Amino acid sequence: MLNTLVFVGSAYALFLFAVAFAAERAAMRGQARWLRSPIVYTLSLSIYCTAWTFYGAVGSAVRSGFEYLTIYLGPSLVLIGWWWILRKLVRIGRSQRITSVADLISSRYGKSNLLAVGVTILAVVGTTPYIALQLQSVTLSFEVFGVGDIATGEEQGHTALWVAAGLALFTVIFGTRNLDANERHNGVVMAIAVEAVVKLAALLAVGVFVVWGLSGGVSGTLEKIDASSLGQWQIDGGRWVGLMMLSAAAFLCLPRIFQVLVVENENETHLRTASWAFPLYLGLMSLFVVPIAVIGLEMLPEGSNPDLFVLTVPLSQGRDGLAVLSFLGGFSSATSMVIVAAIALSTMVSNHVVMPLWLRYAGGGAKVSGDVRGVVLLARRLSIIGVVMLGYLYYRLSGGGAALASIGLVSFAGLAQILPAMLGGIFWRGASRLGALVGLTLGFGCWGYTLFLPSFGAGVFLPESWSTVGPFGIGWLRPHALFGIDAIDPLLHAVFWSLALNTGGFVLASLASFPGPLERLQGAQFVNVFEHSAAPRSWTGRVAQAEDLMIMAQRILGARDAQRLFEREARRQGMAGTLPAPTPNFLETLERELAGSVGAATAHAMVGQIVGGMSVSVEDLMAVADETAQLMEYSARLEAQSQELARTAAQLREANAKLTRLSVQKDAFLSQISHELRTPMTSIRAFSEILRDTTGLAPEDQHKYSSIIHDEAIRLTRLLDDLLDLSVLENGQVNLNLREGLLSDVLDRAVAAAAADEHGARLRISRDPAAEQVWLNTDLDRLSQVFINLVANARKYCDAARPALEIRVHSSDRLVIDFVDNGTGISPEAQDVIFEKFSRVSDQKAGGAGLGLAICRQIVTRLGGEISYLKGQGGAAFRVVLPADIAMAAE
Amino acid sequence: MTEAGPPRRGKPPVFLERQSYRRRRVIDAARVLPFIGMLLWLIPLLWREDGEVAVRSSSAILYLFGVWILLVAGAGLLSAKLAAQARDGGSDAEARGGEAF
């Protein structure tokens, strides 16, 4: 019998290997679609039903009635309420590429590795006894068949070791095929789905045999149940509620459940199917538990282990085939749990413990990226072996006794400590790293003190006196009666206090602390995951990816360069087409190429988006923001510079226009001045020739000609004087002859001189004698020269029918003298050049050389004042402003 | 100029068209279902446990598993409705919000 069993067991194990292998092959050939149906997803969730539930549920029913149901009701409610929590968890897991429950907590709280290590330790501590429990159940089931054959514990140990080794081998082979922890383990998931079917079929078969084969149908079974010791409804209300909550919490937090529920999830819509299919599965798994328990109690001898009724009831009836099927069911339950738990734990251990240590002490930083992949794989394989062996060691050391039987719920309570940080993390943006750390520490510590350590029995880890009088005699610290509240069920007591302290610490520390920037960004991404992540895209097959990469690359690099790059890479990969496979090497190359165009962070994010189907990570976003900020600063600087350039250009254009006008004036002046010089010279020459060559000139003619020569010479001299005067003034070589005098006197002189200059004064000049009574202390001759010029100009150029000049004087802090005539004034374009040298407003009245106003301006400037053209006065208007220290006092 | 054009971006309409309205209500039902289940499964807390009036185990089994079947059926129905709506082009993004009714 035992040999048959070993053969069947081995054959079944080989069958599982074959299934896993076939699934991997199919996935590699791109036929993974049917492997990834919602039903397979649902079945893979069944790793929740371990050997503890397969065998233990019946035992639990015998011991405490319907309480076993709570373990199934909680997860059923979680699945039925998938829209609340699971949907969000799965979306976050997919968009953030979460690899484990520790990774989830760590990512949410600012990628804190400390938290990840904490959760990893919690998971290992909570899961190791559970793995030991599975090994124990397999060993026990062997023992059932081998009663009489094997009696010694030595042999049991061997069985457990062989099972452990086989499981470790399977997990290493199929659990670490892919480099990427986030990639799906097709083989493992398929094998688990098959095992799920086997264990359900086994339990249903035993149940059907018991109900219809032994009890005479449904009504007979119900009668038997009512007649048995389980006949009356008896539950502990507290445990009924508490265990339902606990199992629901554990379902969310157990690393192996998280692995299949979130990490291995292929498509979010699978959750929709699982929402009804998995509760159905659980219902079927628990349906026949009570009948089997009742029949077992009735048919088997007193003192039989109720945990093994599923096996012993068929055996006692001589149904060996059914018993073997049942054995395979239990074997499946145990193995699938160990495999997935080992994968989940090894991912955590290698990612959060081994790799950080390796990178710190041996890796020399992240620059040796080629080697790291190998190290990750090795770390993960060693972690798997380590985790399974840890379970085996625990089993051997604990002796495999009744201590293990209760470990299931203890483990649940331990892992449920993750719940506050997890739910707080995905629903509350204010949850902070410190809060999670404080909550986890308090919860973990309280759980360890009140439940985990006492579960080994009094006196093993905690001194016996602690549970009776409390540690150091402090009564309210007794592990089973914290704060003096005793007489509670120890499990509920521990669950209540650990979760209460955990949640309280988590909330308070979160409220009191201030999260870092990465934490806050991650918090927003997690809590608002449905706003941040697009609807999940499914990249079917690898060609689609390469094509998408091509499209993106063309957009950034340009069509020709992108195509050349892709062709080159395809040739390097030894492929015929133009699209290379998106291998890590190619992606790295492409990213580098893209980085040249759009910056490293952006390129990484873009490639990541296409390849991973994930949303951009916060670090990427921050880097992009950095680059963008730099670009914006740069462009702002450019803009400022270009504005300055535009201003300068405008000024230059203005100056150029002025220069052009000046040049034109200069040319005009040169021709004018040569004309001015030439005219007197011509007459001087002509008349001096007459005087020289003509003999017998009449004396009056001689006198007349000499006078003309003289007059012309005087005119020449005056012109040259003006030029000299201007040049002296401009060079600042003039000496001012300061004297005191009245403004009215200066004006009198100027008006008189201007009038003397012209014959037949037609200009009417109006003045304000009262205002002119101002004492001046300045160079009066120079000042009168300015006034003469202005009055003469008015006389010369005023084109009104009755020319009139008004001289206004007003003195406030400065002395202002305005000369306003009633002519047409000076055209606007001429206004800014009239004070330049050689400037003449019009050609038709060529009275002077165009130096007058230029000299005026030089003089006034030398006197410390200014002269300007007044706009909008009706005619030509000039304003002379003299500083106050020149005007002494108005008496 | 009429106001009949499509609603402006950034300001979601207060009322939804009939199809979206139905989708929202299906989601509401999916949200409520677990609480109904919990309530029904907590009812055994009220059962008498002593003496002649105690609830018999066979009744308890029928009740608990009956609730279970009803919940599975309800979840299955809602799941099918959600799937049908998803096929009809209702995006998940549209279904997620709770701001319009």
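Throughout, protein chains are lettered first and strands after them, A, B, ... in sequence-line order, and every chain is numbered starting at 1. No hydrogens, no waters, no symmetry mates; every other heavy atom, side chains included, goes into these values. In this text the structure is predicted, and so the values were computed from the model without any measurement.
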Problem - Working for side-chain contact (heavy atoms from CB on, under 4.5 Å), residues B:Arg56 and A:Ile225 - result: CA-CA 9 Å; B:Arg56 294 192 309 171; A:Ile225 290 171; over 6 Å; no
Problem - A:Ser76 versus chain B, the contacting section by heavy-atom distance below 4.5 Å - result: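 Just the side chain, heavy atoms under 4.5 Å.
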Got a second to check how far [X]'s [atom1] is from [Y]'s [atom2], nearest 0.5 Å?
{"X": "B:Ile36", "Y": "A:Ile80", "atom1": "CD1", "atom2": "CD1", "result": "10.0 Å"}
{"X": "B:Ile27", "Y": "A:Trp83", "atom1": "CD1", "atom2": "CH2", "result": "4.0 Å"}
{"X": "B:Leu71", "Y": "A:Trp276", "atom1": "CG", "atom2": "CH2", "result": "14.5 Å"}
{"X": "A:Leu73", "Y": "B:Leu64", "atom1": "CG", "atom2": "CG", "result": "7.0 Å"}
{"X": "A:Leu222", "Y": "B:Ile61", "atom1": "CG", "atom2": "CD1", "result": "6.5 Å"}
{"X": "B:Trp41", "Y": "A:Leu77", "atom1": "CH2", "atom2": "CG", "result": "5.0 Å"}

Practice task
Anything in residues 73-80 of chain B with a heavy-atom distance to chain A below 4.5 Å? Please list those residues in order.
Solution key: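 Residues in range: B:Ala75, B:Gly76, B:Ser79.
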Problem - Where at least one partner belongs to residues 212-224 of chain A, residue pairs that pass salt bridge (Lys or Arg N to Asp or Glu O under 4.0 Å), sequence neighbours excluded - result: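 Residue pairs with at least one partner in residues 212-224 of chain A: A:Lys224-A:Glu298.
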Exercise for the section: Any salt bridge (Lys or Arg N to Asp or Glu O under 4.0 Å) involving residues 59-84 of chain B? Give me the pairs, sequence neighbours left out, ordered by first then second residue. Expected result: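 As it turns out, there is no salt bridge (Lys or Arg N to Asp or Glu O under 4.0 Å) pair with a partner in residues 59-84 of chain B once direct neighbours are skipped.
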Show me the side-chain donor-acceptor pairs of residues 284-291 of chain A shorter than 3.5 Å, one per line, residues at least two apart or across chains.
{"residue": "A:Ser286", "atom": "OG", "partner": "A:Leu282", "partner atom": "O", "Å": "2.9"}
{"residue": "A:Ser286", "atom": "OG", "partner": "A:Gly283", "partner atom": "O", "Å": "3.2"}

Practice task
Can you label the angle between the A:Tyr72 ring and the B:Trp68 ring as parallel, tilted or perpendicular, going by 30° and 60°?
Solution key: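 Rings of A:Tyr72 and B:Trp68: tilted, as their planes differ by 30° to 60°.
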Problem - Under 3.5 Å side-chain donor-acceptor pair for B:Ser58 and A:Asp226 - result: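 The answer is yes; a qualifying pair exists.
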Handout entry: Contact leader toward chain B among A:Thr221, A:Leu69, A:Thr70, where contacts are heavy-atom pairs under 4.5 Å
Key =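 Of A:Thr221, A:Leu69, A:Thr70, A:Leu69 has the most heavy-atom pairs under 4.5 Å with chain B.
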